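To keep things clear, I will list the structure first and then write my remarks on it.
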Amino acid sequence: MGRCAHVNGRCNRCEGELPFRFTMAFQPIVDLRERRVHAYEALVRGPGGEPASQVLGQVTEDLLYRFDQACRVKAIEQASALGMQEALSINFLPNAVYEPEACIQATLEVSRRVGWPLDRLIFEVVESERIQDRQHLHDIITAYRRMGFRVALDDFGTGYANLDLLTELTPDKLKLDRQLVMGCDRDPRRQALLRALVGMARPLGITLIAEGVETPDEARWLFRAGIPLQQGYVFARPALDALAHHLDERLSAVLDAPVMAGVAACR
């Protein structure tokens, strides 16, 4: 890591206007056991709803730190303006954080300004490349948890987010990638892997969240297997600068089906 550029309350890496505009879409993470929204994840979109890839394609290396800070601020501002009462999950890149205590200042400032409780912030570690400095990531997670935030590892089970990370890191949540979830209701291999993860997470004090749940059958199987926290199109697509509607109907469609009558016996 290089040196932090935060001097006398200012940071020439993180502060300043971006040369492009973006907004946030919000997708719910539901709790099937409680039949409610557990949290919302803030997802980057173009100002007209363009996909995240179009926005991220404009983020050059010299804009990375500024973009990371801007995403945090915008997500909290928009969530507050929408009247969100649930926790807010925000993605971040570990390599966009030089010093946790310094790089969190914009987050703390906007939270104070809009009255957002710090214990309702979850930071999702998103890493598309191999983590070069695990000690740095460990320090970020430790610092964030000390400040009252919760931390999740995103895309767990594919790419570089794998089991060996848990030998050194202590996240609060693991978000299981769609590749593990896809067709889990009919794939014995995926079922074996998911059951093993449930058994591993409990003694480690880690909460599992299934991502990319697209069918009622997947949602039901995951619930029976002990993964009630889920996110995916079967419940709601990301809504541009808006919260999900009609979730009660979607949850009922999953939970009140006859197949759910035997939930306890399938644990």
Side-chain angles (χ1 to χ4, degrees), residues 25-43 51-52 86-87 89 91 122 124-126 128 150 152-166 171-239 243-267:
F26 297 94
Q27 186 177 31
I29 299 168
V30 302
D31 185 336
L32 291 183
R33 182 172 290 124
E34 300 291 333
R35 292 184 178 237
R36 63 178 179 85
V37 176
H38 172 75
Y40 280 91
E41 181 180 359
L43 299 161
E86 297 82 8
S89 194
N91 296 311
I122 304 167
E124 292 189 24
V125 180
V126 177
S128 58
R150 285 168 287 170
L153 290 184
D154 197 16
D155 300 327
F156 190 80
T158 63
Y160 298 117
N162 282 304
L163 280 174
D164 63 315
L165 284 177
L166 299 183
D172 300 284
K173 303 173 185 291
L174 293 180
K175 299 191 75 177
L176 305 178
D177 189 83
R178 168 68 183 161
Q179 286 300 316
L180 281 174
V181 169
M182 181 173 54
C184 61
D185 55 297
R186 59 185 186 277
D187 186 339
R189 296 180 67 84
R190 283 184 168 86
Q191 292 173 3
L193 290 168
L194 288 164
R195 287 192 179 104
L197 287 170
V198 170
M200 174 203 72
R202 285 171 179 159
L204 293 178
I206 295 174
T207 300
L208 300 180
I209 300 173
E211 291 188 290
V213 184
E214 295 188 355
T215 71
D217 287 338
E218 289 172 352
R220 293 169 191 141
W221 189 91
L222 290 161
F223 181 76
R224 293 196 298 268
I227 307 175
L229 297 185
Q230 302 179 22
Q231 179 179 0
Y233 288 174
V234 70
F235 305 110
R237 291 177 178 268
L243 304 182
H245 299 291
H246 309 298
L247 268 177
D248 288 344
E249 297 174 12
R250 292 174 180 259
L251 290 173
S252 293
V254 170
L255 290 169
D256 296 337
V259 72
M260 293 300 289
V263 165
C266 298
R267 290 286 176 111

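When reading the values below, keep in mind they use all heavy atoms of this one structure, side chains included, and skip hydrogens, waters and symmetry mates. Every value quoted in this text rests on a predicted model; they were computed, and no experiment measured them.
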Do you know the tightest heavy-atom contact between E124 and S89? OE2-OG, 2.7 Å
State, to 0.1 Å, how close L43 and P238 come at their nearest heavy-atom pair, and which atoms those are. CD1-CG, 3.6 Å
Return the CG to CZ distance between L222 and R190, rounded to the nearest 0.5 Å. 11.5 Å
Kindly indicate whether the side chain of L32, heavy atoms from C-beta on, has any atom under 4.5 Å from the side chain of F235. yes
Between R237 and Y233, is NZ or CZ placed under 6.0 angstrom from the six-membered ring centre and within 45° of the ring axis? yes
Search all heavy atoms of N91 against all heavy atoms of A42 and return the closest pair with its distance. ND2-O, 3.8 Å
Side-chain donor-acceptor pair present, Q179, D155, cut-off under 3.5 Å: no
Side chains of L153 and I206: does their closest heavy-atom pair fall under 4.5 Å? no
Is E86 salt-bridged to R36, cutoff N-O under 4.0 Å? no
What is the distance from atom CG of D248 to atom CG of L255, rounded to the nearest 0.5 Å? 11.0 Å
Minimal heavy-atom distance between L229 and L208, with the atoms involved, is CB-O, 3.7 Å
State, with a plain yes or no, whether a side-chain heavy atom of E211 is found less than 4.5 Å away from one of Q27. no
With P171 as partner, the option from V125, L166, L204 fulfilling side-chain contact (heavy atoms from CB on, under 4.5 Å) is L166
Value rounded to 0.5 Å, distance of CG in L180 from CZ in F156: 8.5 Å
Run the side chain to side chain contact (heavy atoms under 4.5 Å, CB included) test on E218 and V234 for me, step by step, so that the C-alpha distance in whole Å, both residues' side-chain angles and the decisive distance to 0.1 Å come before the verdict. CA-CA 9 Å; E218 289 172 352; V234 70; over 6 Å; no
With heavy-atom distances below 4.5 Å as the criterion, would you say the side chains of V254 and F223 are in contact? no
Validation row: L176, I227 side chains within 4.5 angstrom (heavy atoms): yes
Heavy-atom side-chain contact between S252 and R35 under 4.5 Å: yes
All heavy atoms of G212 vs all of V181, minimum pair found to be O-CG1, 4.2 Å
Test side chain to side chain contact (heavy atoms under 4.5 Å, CB included) on H38 and Q231 and set out the steps. CA-CA 10 Å; H38 172 75; Q231 179 179 0; over 6 Å; no
State, to 0.1 Å, how close R220 and A253 come at their nearest heavy-atom pair, and which atoms those are. NH2-O, 3.3 Å
Between D185 and R224, does any side-chain N to carboxylate O distance fall below 4.0 Å? no
Check: M200 and L174 side chains under 4.5 Å, non-hydrogen atoms: yes
Report yes if some heavy atom in the side chain of K175 is under 4.5 Å from a heavy atom in the side chain of I29; otherwise report no. yes
